[in-house]
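Quick notes on the structure that follows.
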Protein chains: 2
Amino acid sequence: MRSRTDPDTDARGTLLVDIKASSELKPGVNLPASGTVSTINDVARLAGVSIKTVSRVMNNEPNVRAETRVKVQEAANLLHYRPNLLARSLAGARSFLIGIFYDNPNPSYINAVQNGAIRRCRESSYHLLIEPQDAHSPDLERNIAGLLATIRLDGVILTPPLCDMAVVLHAVEAAGVPYVRISPFLNPGRSPIVRMDEARATYEMTQHLIAMGHRDIGFVLGHPEHGGTHLRYQGFTKALSEAGITPRPDWVKQGFFSYESGIEAGKSFFAEGKPRPTAIFSSNDYMAFGIMGVAQQMGIRIPEDISICGFDDAPGSILIWPHVTTIRQPVEDIAYAAADILLAKAEVEDADGTKRDTDRMLPFELIKRNSVGPV
Amino acid sequence: MRSRTDPDTDARGTLLVDIKASSELKPGVNLPASGTVSTINDVARLAGVSIKTVSRVMNNEPNVRAETRVKVQEAANLLHYRPNLLARSLAGARSFLIGIFYDNPNPSYINAVQNGAIRRCRESSYHLLIEPQDAHSPDLERNIAGLLATIRLDGVILTPPLCDMAVVLHAVEAAGVPYVRISPFLNPGRSPIVRMDEARATYEMTQHLIAMGHRDIGFVLGHPEHGGTHLRYQGFTKALSEAGITPRPDWVKQGFFSYESGIEAGKSFFAEGKPRPTAIFSSNDYMAFGIMGVAQQMGIRIPEDISICGFDDAPGSILIWPHVTTIRQPVEDIAYAAADILLAKAEVEDADGTKRDTDRMLPFELIKRNSVGPV
DNA sequence: GGATGCCCTGCCAGCGCTGTCAAAAAAGCA
DNA sequence: TGCTTTTTTGACAGCGCTGGCAGGGCATCC
């Protein structure tokens, strides 16, 4: 269906058309109807150069004369030429695809990760393949290995909890695909990582509570298998001890990051006849919601009777009343940085000699809302 | 790096090895180390057949002798062979990729759509490319056209609001890529669509309110540019008129699907000195949350003083108290069905002659929780 | 027995592009 | 000017796979 020109006679009889250097294109080539796909061949013919030269221009390679470059670019524009990504991948070393593996039930988290990664991908005209995986599947390693054999991804982003699973790391490493982990807990240094200082965040939040006059502070732990759980608790105890406060063991409750476990914790905290803290630090917002629900049911006012703070800035934290004081993780920026590490590597391959930073720590934000008040 | 065998002498001197038909493979081929990628060539050599035959087996094509098929499959397993998706796409007519375009700020909705689509993709070993787009960008059409020229997708899923935009439909159609729209409002019949009966859902919810004794029912409209807005209102008025109730115009408030617009509506409903309805139907949950927040602030009890119901079953609807009575859309199933239409088409191309259903309507679910009570 | 047709298999030519290398053109230099 | 060096360009061979076709084997039919 593609238009065919006469045999390639020399197109560089420039004298005639030199008046307007910008229209030095080969005549007699029919321009495509909108929607038609043109190939590098069409562009080469129109511009009167070889396809290799077109390839050079499209890839911004050096050693092309400025006027040739312009000529090719015009031809490409005229034909609405877009290089075929599949063909580029097959012929070259890059696939222009990065993948993101996750097994995380939190849609807003996943969404933020995707958006951040995509934002960076677009800057390098890369595309994002999403690959949710079942972390508990016995076939996990095989699935990932198979997938990476089928599509040669230029890089992979791993989020918790997959980023802490040995089989996952092994599969990705065996396939020889570069990867970056987001907020991993285990094996720092095994790969580039991007994260936020969770311990520091809870440390500062606890200081905030103390500054508001609280000394009787409860804590709800997150899921024990999740790395953040420990880091968050560390920051909490550090702030307490620095303020000379001895934490009460019975005011540290085990939670699992779920709303339901928050309800359990709340019931436990607010049981009849027991002394209760003036503030509760919940390791994430969902559990805070649960605690607040229990308080509400029992007529305990927030923040007058008890202050409650969370972690994550979940979307619900401004839906319920009072709005929850919490820590915002820059999830989107973290994912952006993760993609950046991958793409910078793919693009310059450490050309400058300076090793790229392999452990990026992004700043958090302490968001003070209405669920925390003075004693 | 790939192992090389001696020149292809005939491997089918079967007599010797026929004792164990399952090991009729060519000897002398080194098996790959784990992580090595093997190509169709390696498999062909090991199995002692041509690559074309391997290709036939891998694609489940007919006209391959059963024993040949087994032989090839064994060789493929031994080598951990996975066909290269890029090469398949380039050589063949399919890319094994479908794309999903969206511009929707609701993470849980997007997440559900992705999960449903991926679930179906995996059944046909397809992959999902996610392509968020800015619906308000002046380059929208160009972006989509460029993207589709760069990657030949086998199909595209369009969600609201993109699925109702002329430029989007035009770009996709011009590229000749099959597409399915999810819950579109405009141009039914222009493409296959998958949706839920939104009018019917509000109709039944309204009947539910009426059955609980409510006759004074307010309504909060959604964003006027969103198709669902009108359908939802239709169902509401239909149920009212069938019950002989005349809706009061001042009890129909304009909202925009946002939490904030719910707060506005709530303030308007609960303004001092004005008669107020005994129930409010909010066109989505977020607005219902806003209304409930206002009610709570003003000491209006739910559901004792007023019943409130929403639409969508947003994740927050069980986080706040009381839990919200709402409509659950089977978003994941809808997306699954959308992908199914695309893949079924890609795979059998209407081989059976029966045209595939081009307008699938999936059932909703009315979820009764605590925010609605009897009058 | 020969003709006919079907089943199974392999050969070949690409898909649209990039990597390699060598040739041609331009620039630098004595 | 004639030479070397550098820049610019193109020919060519694939990347790993599929589509089209042809050929050989075998059963069927007259």
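Owing to the predicted nature of the structure, the values given are computational and were not obtained by experimental measurement. Because only heavy atoms are used, hydrogens play no part in the values below, and waters and symmetry mates are left out as well, while side chains stay in. Below, read A as the first sequence line, B as the second, and so on, with proteins coming before strands; counting in each chain starts at 1.
Counting non-hydrogen atoms under 4.0 angstrom, A:Asn63 reaches a base of the nucleic acid.
Looking only at distances, no side-chain donor or acceptor of B:Asp154 sits under 3.5 Å from a matching main-chain atom of B:Arg94. A donor-acceptor pair under 3.5 Å links the side-chain atoms of A:Ser38 to the main chain of A:Leu79, judged by distance alone. A donor-acceptor pair under 3.5 Å is absent between the side-chain atoms of B:Thr150 and the main chain of A:Asn84, judged by distance alone. A:Asp42 places a side-chain N or O within 3.5 Å of a backbone atom of A:Thr39 that can act as its donor or acceptor partner.
Each of C:dG16, C:dC15, C:dT18 was ranked by its minimum atom distance to the side chain of B:Ala91; first place goes to C:dC15. Of all nucleotides listed (D:dT18, C:dC11, C:dC17), C:dC11 comes nearest to the side chain of B:Ser50. Across D:dG19, D:dA11, D:dT9, the shortest atom-to-atom separation from the side chain of A:Lys52 is found for D:dA11. Each of D:dC17, D:dG19, D:dT9 was ranked by its minimum atom distance to the side chain of B:Thr39; first place goes to D:dC17.
The CG atom of A:Asp154 sits 14 Å away from the C1' atom of C:dT18 (whole-angstrom rounding). If you take OH of A:Tyr81 and P of C:dG16, they are 10 Å apart, rounded to a whole angstrom. Atom CZ in B:Arg94 sits about 16 Å away from atom C1' in C:dC15, given to the nearest Å. Between A:Asn84 atom CG and C:dG14 atom C1' there is a gap of 14 Å when expressed in whole angstrom units. Atom CZ in B:Arg65 sits roughly 15 Å away from atom P in C:dC7 (whole-Å rounding). Summarising the geometry, the separation between CG on B:Asn59 and C1' on D:dC17 is reported as 9 Å, rounded to the nearest angstrom. Look at CG on B:Leu90: it is 7 Å from P on C:dG16, rounded to the nearest Å. One interatomic measurement links the two molecules: CG of A:Asn60 to C1' of D:dT8, which rounds to 16 Å at whole-angstrom precision.
Between A:Thr53 and the phosphate of D:dG10, there is a side-chain N or O to OP1/OP2 separation shorter than 4.0 Å. For the OP1/OP2 pair of D:dT8 and a distance below 4.0 Å, the side-chain nitrogens and oxygens of A:Thr68 include no atom meeting the criterion. Side-chain nitrogen and oxygen atoms of A:Ser55 include at least one within less than 4.0 Å of the OP1 or OP2 phosphate oxygen of C:dT18.
With respect to A:Arg69 and A:Glu61, no salt bridge is recorded, no charged nitrogen being found less than 4.0 Å from a carboxylate O.
Residue-to-nucleotide proximity on DNA chain D shows that, of B:Ser89 and B:Arg56, the 5′-proximal contact is made by B:Ser89. Across the interface with DNA chain C, nearest-nucleotide mapping of B:Gly92 and B:Pro62 shows B:Pro62 to be the residue nearer the 5′ end.
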